[in-house]
Protein chains: 2
Amino acid sequence: MARHLTIAVCQTGPIQRSATRAETVDRLVALLERAAAAKAEVAVFPEMALTSFFPRWEMEDDAEIEAFFEEAMPGQETRRLYEAAAALKIGFALGYSELDRSSGKTRRYNTMDLVGPDGKFIGRYRKMHIPGGTEASAGTTTHLERRYFELGDLGFPVFDYCGVRVGLALCNDRRWPETYRMLGLGGAEVVLIGYNTPLLLDEAPSLGHLRMFHNHLPMQAGAYQNTVWVAAAAKAGNEDGQQLIGGSCIIAPTGELAAQVTSLDDEVIVHRADLDLIAVCRKVNFDFELYRRPDQYRLIAERAGPL
Amino acid sequence: MARHLTIAVCQTGPIQRSATRAETVDRLVALLERAAAAKAEVAVFPEMALTSFFPRWEMEDDAEIEAFFEEAMPGQETRRLYEAAAALKIGFALGYSELDRSSGKTRRYNTMDLVGPDGKFIGRYRKMHIPGGTEASAGTTTHLERRYFELGDLGFPVFDYCGVRVGLALCNDRRWPETYRMLGLGGAEVVLIGYNTPLLLDEAPSLGHLRMFHNHLPMQAGAYQNTVWVAAAAKAGNEDGQQLIGGSCIIAPTGELAAQVTSLDDEVIVHRADLDLIAVCRKVNFDFELYRRPDQYRLIAERAGPL
């Protein structure tokens with residue numbers, strides 16, 4: 001029998017710093033309802049879907065910083081989203097800032113959780129490729145993620161979602177071919193991605209017009225080269241004075257854009273993903289077992305930078 | 001001072017089985033003259049630029065097979081190309097079928113040599129990702145490369161070409177992200193590629209309309225993700241009854257198509273590649289030393305196929 005998974009990408013417009021968690025969760029529940037009404041079986045929300053993209057600011061005070069983080073997931077304010085999922089029978093992937101005190105030390109991660117259509121936790125991913133720097137003076141005023149987040153320490157896990165193998169990634173992860181390859185080797189059929197991408201690049205204004213091209217190019221290549229479905233949700237629009245690109249999309253294992261948003265607001269796009277297309281695409285070019293040369297790729301896992 | 005390398009892609013139309021080596025070398029010399037007239041400093045020719053793409057046929061007889069191979073490079077018939085390079089002061093990368101008897105055993109490789117503007121050999125690459133099968137009955141009538149070629153055994157070398165770091169790749173290699181990553185980690189600034197790509201896919205006719213998209217997508221992503229210039233030369237047109245796609249191109253480290261052919265014939269395209277653009281692109285997203293996580297990528301170098 002043909003296998004399908006109907007995927008919804010739930011893009012959000014800006015989530016201003018002034019918004020309460022309750023207001024934001026209201027918006028996410030409304031998006032989830034629209035996804036469920038379109039018969040979607042899983043939804044993906046943006047990276048840091050519960051707050052403004054705060055790494056654009058340089059903050060010192062722990063209390064001020066930790067107001068952007070979740071210590072429990074679900075917590076008091078987010079529980080409604082999980083209850084909505086169970087009621088609507090649609091799971092989701094949600095990006096948020098995670099405060100982990102389980103080791104006795106405070107650790108902060110840029111995290112995405114996968115939740116099942118019963119509203120129960122399935123698995124967690126912590127962003128592996130944290131961009132930017134730690135100080136605004138480094139000239140990376142829009143990317144202070146390394147100030148606030150530790151590097152992901154959970155590998156590139158692939159989870160069983162109702163019989164479909166699903167991997168997760170966040171924002172900058174999508175630019176690195178290793179992300180898709182690790183998930184592809186992990187057996188992923190679907191990769192769910194959340195992102196926040198500023199339109200303006202302080203570091204290279206001459207490349208600004210290529211931001212959307214550079215959003216889609218590595219995701220389309222990653223889908224094609226690993227024969228996976230990719231579904232990616234942006235947080236978009238003018239958020240606290242900073243313009244974020246949209247371009248949320250669903251990409252087939254052929255690399256084709258199957259669906260794409262046309263706004264910078266809260267918007268849902270849905271595609272019924274044909275999982276059997278994966279085997280067709282794999283057969284043509286990408287029989288990994290037959291054609292890859294892992295012993296020849298050692299440098300990739302040995303060295304960070306160029307020789 | 002700004003660094004540039006003016007690159008010529010020398011696409012060829014079909015090279016029929018009935019053509020003599022002398023006739024074919026005449027065409028390559030004519031292309032090299034056009035490249036030099038356009039002030040190019042290096043030219044790239046297709047994969048198997050001296051013969052028809054013979055792996056479309058199932059052959060048994062060693063003499064019949066070896067008529068497509070070169071035992072010496074340059075040999076008697078190819079020497080003129082090297083002499084033209086020296087006279088015109090333009091080097092080249094040339095794809096050909098290599099017969100290596102140096103070990104006492106006959107070995108056959110799908111090979112590309114890099115030759116300097118003095119007409120002297122710089123370095124050799126042997127195709128790492130050999131597609132297709134060994135028997136026509138496997139349903140891969142257009143891809144019997146594994147019948148005729150051993151797997152490349154020279155790694156992914158990067159050569160010094162007049163002060164520019166140049167890597168080589170052949171056809172199917174361009175679809176695998178590891179090719180570009182290995183060359184990028186090897187310090188490549190420019191990647192020269194030759195290919196022969198049939199328009200019709202026996203294995204998946206439903207993907208036929210995507211052949212050109214699947215030609216450019218992984219090369220554009222490879223250029224972007226490794227901040228290298230990519231220049232790729234096709235053998236194109238109706239060759240011995242089989243239609244080969246063209247689409248030869250020069251791609252910037254931004255992933256943008258900087259130049260592209262518009263024919264399926266012998267055609268030269270030239271672009272003055274700004275090598276300083278590499279550092280600009282690298283700074284924005286791809287500071288490998290700072291952001292890559294090699295210890296997290298071990299599976300890529302350990303396993304061929306998915307878990």
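Here is the naming used below: chain letters follow the sequence lines, and residue numbers restart at 1 for every chain.
- Of the listed residues A:P218, A:G187, A:S206, the one with more heavy-atom pairs under 4.5 angstrom with chain B than any other is A:P218.
- Of all heavy-atom pairs between B:P177 and A:P177, the closest is CB-CB, 3.9 Å.
- A donor-acceptor distance shorter than 3.5 angstrom exists from the side chain of B:Y291 to the backbone of A:G132, with no hydrogens or angles considered.
- Listed here is the closest heavy atom pair of A:R175 and B:Q225: O-NE2, 3.0 Å.
- Proximity to chain B is limited to the backbone of A:I130, based on heavy atoms less than 4.5 angstrom apart.
- Atom CZ of B:R272 sits in a sparse spot, with 12 or fewer heavy atoms from other residues, nucleotides or ligands closer than 6.0 Å.
- In this structure, B:F213 and A:E256 have side chains that are in contact, with non-hydrogen atoms separated by less than 4.5 Å.
- A:F288 has its side chain out of reach of B:R303: every pair of non-hydrogen atoms, C-beta onward, lies at least 4.5 Å apart.
- Looking at A:E302, the atoms closer than 4.5 Å to chain B (heavy atoms on both sides) all sit in the backbone: N, CA, C or O.
- Counting all heavy atoms, side chain and backbone alike, B:I300 lies closest to A:L185 at CA-CD1, 3.7 Å.
- Between B:P306 and A:R165 the shortest side-chain heavy-atom distance does not fall below 4.5 Å.
- At least one side-chain heavy atom of B:T254 sits less than 4.5 Å from a side-chain heavy atom of A:H214.
- Contact count against chain A (heavy-atom pairs under 4.5 Å) is highest for B:L217 among B:D295, B:L217, B:L307.
- By the neighbour-count criterion of 12 heavy atoms within 6.0 Å, atom CZ of A:R124 is densely surrounded, having more than that number from other residues, nucleotides or ligands.
- You'll find the side chain of B:R181 stays beyond 4.5 Å of the side chain of A:L299, heavy atoms only.
- Using a 4.5 Å heavy-atom cutoff, the side chains of B:R293 and A:W176 are not in contact.
- Using a 4.5 Å cut-off between heavy atoms, A:L210 touches chain B through its side chain atoms alone.
- Heavy atoms closer than 4.5 Å to chain A are found in the side chain of B:L207, but not in its backbone.
- Residue contact with chain B, scored on non-hydrogen atoms closer than 4.5 Å, involves the side chain of A:N172 exclusively.
- For B:F156, the part sitting under 4.5 Å from any heavy atom of chain A is the side chain, from C-beta outward, and nothing else.
- No more than 12 heavy atoms of other residues, nucleotides or ligands shown are found within 6.0 angstrom of CZ on B:R298.
- Residues B:M182 and A:Q296 have side chains not in contact (no heavy-atom distance under 4.5 Å, counting atoms from C-beta outward).
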